[in-house]
**Q** 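Here it is, the structure in full.
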Amino acid sequence: MKLLRHRLVWAVAALVTLIVVNTISRPTFLSITLQDGELYGSLIDILRNSAPLMLVALGMTVVIATRGIDLSVGAIMAVSGAVALTVIEASPTPDNLGVVLVAIAVAALVSLVLGAWNGLLVAVLGIQPIIATLVLMLAGRGIALLITGGFITTINSEPYQFISQGYVLGLPFAFLVSIAAIVVVALIERRTALGMLTEAVGINPEASRLAGVRSRGIVWGAYIASGLLAGIAGILYSSNIMAADANAAGLYIELDAILAVVLGGTSLAGGKFSLAGTVVGVFTIQTLKSTITFLGVPPAVSPVFLAAVVVIVVLVQSPRTRSALARLTRRRTPAGGARIDPEAAS
Amino acid sequence: MTDTPVALGARPSLRERADRFRARRASWIPVSAAVGILVVMFAVGQAYFGNFLTPRVLSSLLLDNAYLIVLAVGMTFVILTGGIDLSVGSVMAFTGILCARMLSEGAPTGVVIPLVIVLGALMGLATGVLVQVFEVQPFIASLAAMFAARGLAFVVSLSSIKLEDPFVLALQSTRLAGGGWYLTPTGIIAIATVVIAALVLHFTRFGRTVYAVGGSEQSARLMGLATARTKVLAYVISGTCAGIAGVLFTAYSGAGYPLNGIGTELDTIAAVVIGGTLLTGGTGYVLGSMIGVFVYGTIKVLISFLGAEQSWTRITIGALLLVFVVVQRVIVARSSRS
Amino acid sequence: MTSDDAVDPVTEAPVVEITGATVRFAGTLALDHVDFRVHAGEVHSLMGENGAGKSTLIRALTGARPLDEGVIRIHGKVARFARPRDAQRAGIAAVYQEIDLLPNLSVAENVLLGREPRRFGAIDWPRMRREAGAVLAGLGIDIDPASALGSHSVAVQQLVAIARAISREVSVLVLDEPTSSLDLEEVAELFRVIRELKDRGVAIVFISHFLDQVYEICDRITVLRNGSLVGEFRTEELLRIDLVQKMLGRGAEQLVERPRPEVDAEPRRAVLRARGLASRRLRPTDVVIGEGEVLGLAGLLGSGRTALARLLSGVDRPAHGRLELDAREVRLGDPRRATRLGVVYSSENRRSEGIIDQLSVAANITLALQAQRGAWRPLRKARRDELVASWIEALDIRPRRPELPVGVLSGGNQQKVLLARLLALAPRVIVLDEPTRGIDVGAKVELQNLVSGLADNGMSVVFVSGELEEVVRVSDQIAILRDGAVVDVVPGSQVTVDTLLAVVGQPDEG
């Protein structure tokens, strides 16, 4: 009973179900082959392809914890990819590692500035997060198009391609990037007091203010982090297709990311957040997409399945469904346990 | 206590009349700001290009944006209640492609068009029920509808379907012309939508309840108004408008395409906000939303006149949105202080 | 419930008669067999401190929350109110302090929406304005019905709310704290309207914490305390001091008072000094708090006690005046800065401004300390656990489970958690606003002893409470507030609850 109440239980159950369904319908799903010291297989593909969403969803988790939302992540991805590729394209030696590193640094810096801009609107000017980030969501792709001069910039650069296609220690480099991001975000949030203070601001801004919490800085920082992570996701994405496509890069990724966060048990109302939940949520979504593709459904139709997942998740989390369920279980188990706040236990 | 309105003088002075005007019409200020921007853009365009303010350009402004006007009208209802509807672009794509597909397979026009509009309304109903009954945030509920409609559009067809139905094509090609001006049935439908919506919002209890819910849902409920029904109905109206827009856009582009309307929800929201509707709900007018769409359309035309890249459209809209939101924020802050 | 003051028999039947009203909230009795009645053409005041049961009774009367036990009779007939609409149909209307109107709509709509005049199904705007204008004019209010409600002052909005309430057939009008944000002239205007309605035979239930207003407008007073009926009285037969005494109650059991030196051997060193602090709710005030001293703030609800507490702790920005800590000026309006200087504040609103309910007890205790250290210097786990354990031990917070979300604790334990949060900062001045509100008697005494202990250890304490015994018991000095001003400062050792009552409940001179 206690296990059923754990906030991660639904997300993990969904992920396990998906994996079981996949394994039954295609036994090769779980098989991983070693080729030239590099791992291949469906699961490895999922791990690799989930990297951009993972980065974006981590940032989104922190923003949502502050009672906010960041709609501009997809646009920032587009800008970041455009910046990186433009830098490399302008260089006479695109295969030079130094050039690629500079391109990455510039792209990351630009994304950070864009995140700071969002944070300025929300934390300082007090504009609703949805609207504040909508501004950049609208304008961002236009900016990306301007950077690439209205074209889809394509490049040939070994080191840049390595980011999405390369292997290190037998694992895809992109996956290692997402692992690194998980570790860094988790360390910053959970090894410092930032996570606790973020949750305090998200749950009760006024009480936090009275306790002397620097809430403006915390909220601002969350948007900066989200911008930076989206920027790195944009680099991964553009490296995968070796092109800066301002219209397609990160399209709808903000929605996938929000979905991953909600699946992972973090409430959109802000407050307590679970990075582990978000990680599970991201893998669930990526596995779902892979399953849909495997089942022969055109990828374009996959939103229908995502919609179904969203509806199921929100219905499960809805207060009305919960109270109905609670009434049912209470009728069955008249001996009630300890009084537990349903919010805290969810 | 000289300026307490409790005891207004018998003969209003000029200043009192100005105050009275302001007290009655304050909510029109953002709309006039949008009109002002539109006028400035017209003037600048005319001064710069010389051939900007022509009947042809102005007529095409309505023609090119008819579907967006209809979407903005529906969105206005939802935003007035304090909600948001992200699904309008996808629903438009879905109903549009379904319309094209059914017509191409020989279904009668008189069945197809009402059917796709009803489907749009049903998608709105689903969103509204999620919001009202299951207390799902409007953002997430309409997000689900957005995904569903986009996927369904691809279920209907993965590629573009050319439209051959004479009636639907005539919606776009029929021109009531005179002196260089022209008007298409799509334009008439858009204008009619605005007029009907304006009348509903102003003259029916439902319309006033839409405003009441956006002002304070709790107060509206305590006043005995049907808040639940009104909120659901707002989403149904938005869905219906998206259905109509699907037909209009199909007529406009001469084909159904499942990728239509990507990002259109953002254009719609931007147009509504620029047209003076507060995103917190309770204040705004469909007429303003129409002006907002014209502002959007004029920016597009100006940019194409300039020969600049169309990517500037979104950037300009984003910047304009920012200005309006900041100004609204200042207005709200000032009114809450007084 | 019996009362020692007999009430004269009223021949006429009351419009509303509630008998044996009982409401339970989470195991506690919010209302305990309360009787209440109102007659036509009278203004009847419902009096009581926070938690006395006034709002619960009003909610039952207006159908917002059904009674668990008891009967409501309207004109002698038993009525069942499941929803607000049922009560409205029975002719009961209410106007609340937070005006439940729609500032974004016109005055006319706010008066008539829901029953607006229509023609051919469409709203008949000219008629609507005329009718609303007529209702307003009937109350002597001259405003433009077409103007937006939000463009008017709170006072006018209040009158519009009353206009809405009486625009339909209404026999009982409940006015819940209608005057709390009005100035004197606006109150006079409101009272003119109330008298007008009274003359029309409307029964009016008037709730206000301003005694002067109650005595000016009300014919009869019903007093509640801790969910029970104290009694019903004619206003002219009830002395103010008696009323205050009945509201605040006097514990029969005299608590042991804190041993204090009769007169300070030498004056204490001043730690915190307010010079002319003033805000919208507080007239310019000077107070001094000495080292190791408990300054009690005594006064009724709305007397400015909370406003002064918030100013003294530096969390609010004053309209005028300054605050000095050790003779150095403190910049006000920034809790973070005040906390740094060692001045900390605990709000009277435990839930909305105190606890972070979903976070653990441990996180709540360390929140302020951690905020002061900054996010990047986390307390080491061992140190943190030790700190939390020691506070749980020292304040006897139960259950002793630091990992539990603080929201599931009882009110008294939540309050202790908040106290631990502030004490962990080792402050010099601690301001406690109603720390004992809504907690049980045992926990109350514990907290009082704790406060005394803090002062004995040299901390300066500002202690705010609506319960006078408590203030008398713990305070070295007591600042008495009335109508937004400190009217007297007396040494705690030289007053009794009775002498305090006399000052708190005194009518304003002039």
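Chain letters run A, B, ... following the sequence lines, proteins first, then strands; residues in each count from 1.
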**Q** Which residues, numbered in order, of residues 140-161 of chain B come under 4.5 angstrom of chain A by heavy-atom distance?
**A**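 Against chain A, the residues of residues 140-161 of chain B that fall inside the cut-off (heavy atoms, under 4.5 Å) are B:Ile140, B:Leu143, B:Ala144, B:Met146, B:Phe147, B:Ala148, B:Arg150, B:Gly151, B:Leu152, B:Phe154, B:Val155, B:Leu158.
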**Q** Heavy atoms only, distances under 4.5 angstrom: which of A:Ala246, A:Gly149, A:Ala269 has the most pairs with chain B? Name it, please.
**A**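 With the most close heavy-atom pairs to chain B, the winner is A:Gly149.
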**Q** What verdict does the side chain to side chain donor-acceptor pair (under 3.5 Å) test give for A:Ser274 and A:Thr266, after you've listed the backbone C-alpha separation in whole Å, the side-chain angles of each residue and the deciding distance to 0.1 Å?
**A** CA-CA 6 Å; A:Ser274 162; A:Thr266 299; 5.4 Å; no
**Q** So which part of A:Phe305 gets closer than 4.5 Å to some heavy atom of chain B, the side chain, the backbone, both or neither?
**A**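 For A:Phe305, no heavy atom lies under 4.5 Å from chain B.
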**Q** Judged by atom type as modelled, is there a donor-acceptor pair below 3.5 Å linking the side chain of A:Thr86 to the main-chain atoms of A:Ala82?
**A**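 Yes; at least one donor-acceptor contact below 3.5 Å.
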**Q** Just how far is it from atom OH of A:Tyr223 to atom OG1 of A:Thr66, taken to the nearest 0.5 Å?
**A**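 Answer rounded to 0.5 Å: 5.0 Å.
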**Q** Just how far is it from atom CZ of B:Arg314 to atom CG of B:Leu321, taken to the nearest 0.5 Å?
**A**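 So the CZ of B:Arg314 and the CG of B:Leu321 are separated by 12.0 Å.
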**Q** Which atom names give the shortest non-hydrogen contact between B:Val91 and B:Gly243, and what distance separates them?
**A**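 B:Val91 and B:Gly243 have their closest heavy atoms at CG1-N, 4.5 Å.
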**Q** Can you tell me which portion of B:Leu259 sits under 4.5 Å from chain A's heavy atoms? Options are side chain, backbone, both or neither.
**A**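 Neither part; nothing is under 4.5 Å.
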**Q** Between A:Asn118 and A:Ser72, is the side chain to side chain donor-acceptor pair (under 3.5 Å) condition met? List the steps.
**A** CA-CA 8 Å; A:Asn118 283 332; A:Ser72 70; 2.8 Å; yes
**Q** Answer with side chain, backbone, both or neither: which region of B:Val273 has an atom nearer than 4.5 Å to a non-hydrogen atom of chain A?
**A**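 The answer is neither part of B:Val273.
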**Q** Using non-hydrogen atoms and a limit below 4.5 Å, what part of residues 131-143 of chain A faces chain B?
**A**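 The stretch touches chain B at A:Ile131, A:Leu134, A:Val135, A:Met137, A:Leu138, A:Ala139, A:Gly142, A:Ile143.
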**Q** For the pair B:Tyr67 and B:Phe249, name the ring-plane relationship: parallel under 30°, tilted 30 to 60°, perpendicular over 60°.
**A**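 Perpendicular, since the angle between the ring planes exceeds 60°.
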**Q** Within a radius of less than 6.0 Å around CD of B:Gln218, do more than 12 heavy atoms belonging to other residues, nucleotides or ligands occur?
**A**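 Result for CD/B:Gln218: open.
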**Q** Let me check something: any side-chain donor-acceptor pairs from residues 295-306 of chain B under 3.5 Å, sequence neighbours excluded? List them with distances.
**A**
unit_1	atom_1	unit_2	atom_2	d
B:Tyr296	OH	B:Asp267	OD2	3.0
B:Thr298	OG1	B:Phe294	O	2.6
B:Ser304	OG	B:Val301	O	2.9

**Q** Can you tell me how far apart OH (B:Tyr235) and OG (B:Ser87) are? Round to the nearest 0.5 Å.
**A**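 Answer rounded to 0.5 Å: 9.5 Å.
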**Q** Return a table of donor-acceptor pairs under 3.5 angstrom between the side chains of residues 256-265 of chain A and protein atoms on other chains or two or more places apart.
**A**
unit_1	atom_1	unit_2	atom_2	d
A:Asp256	OD2	A:Lys289	NZ	2.6

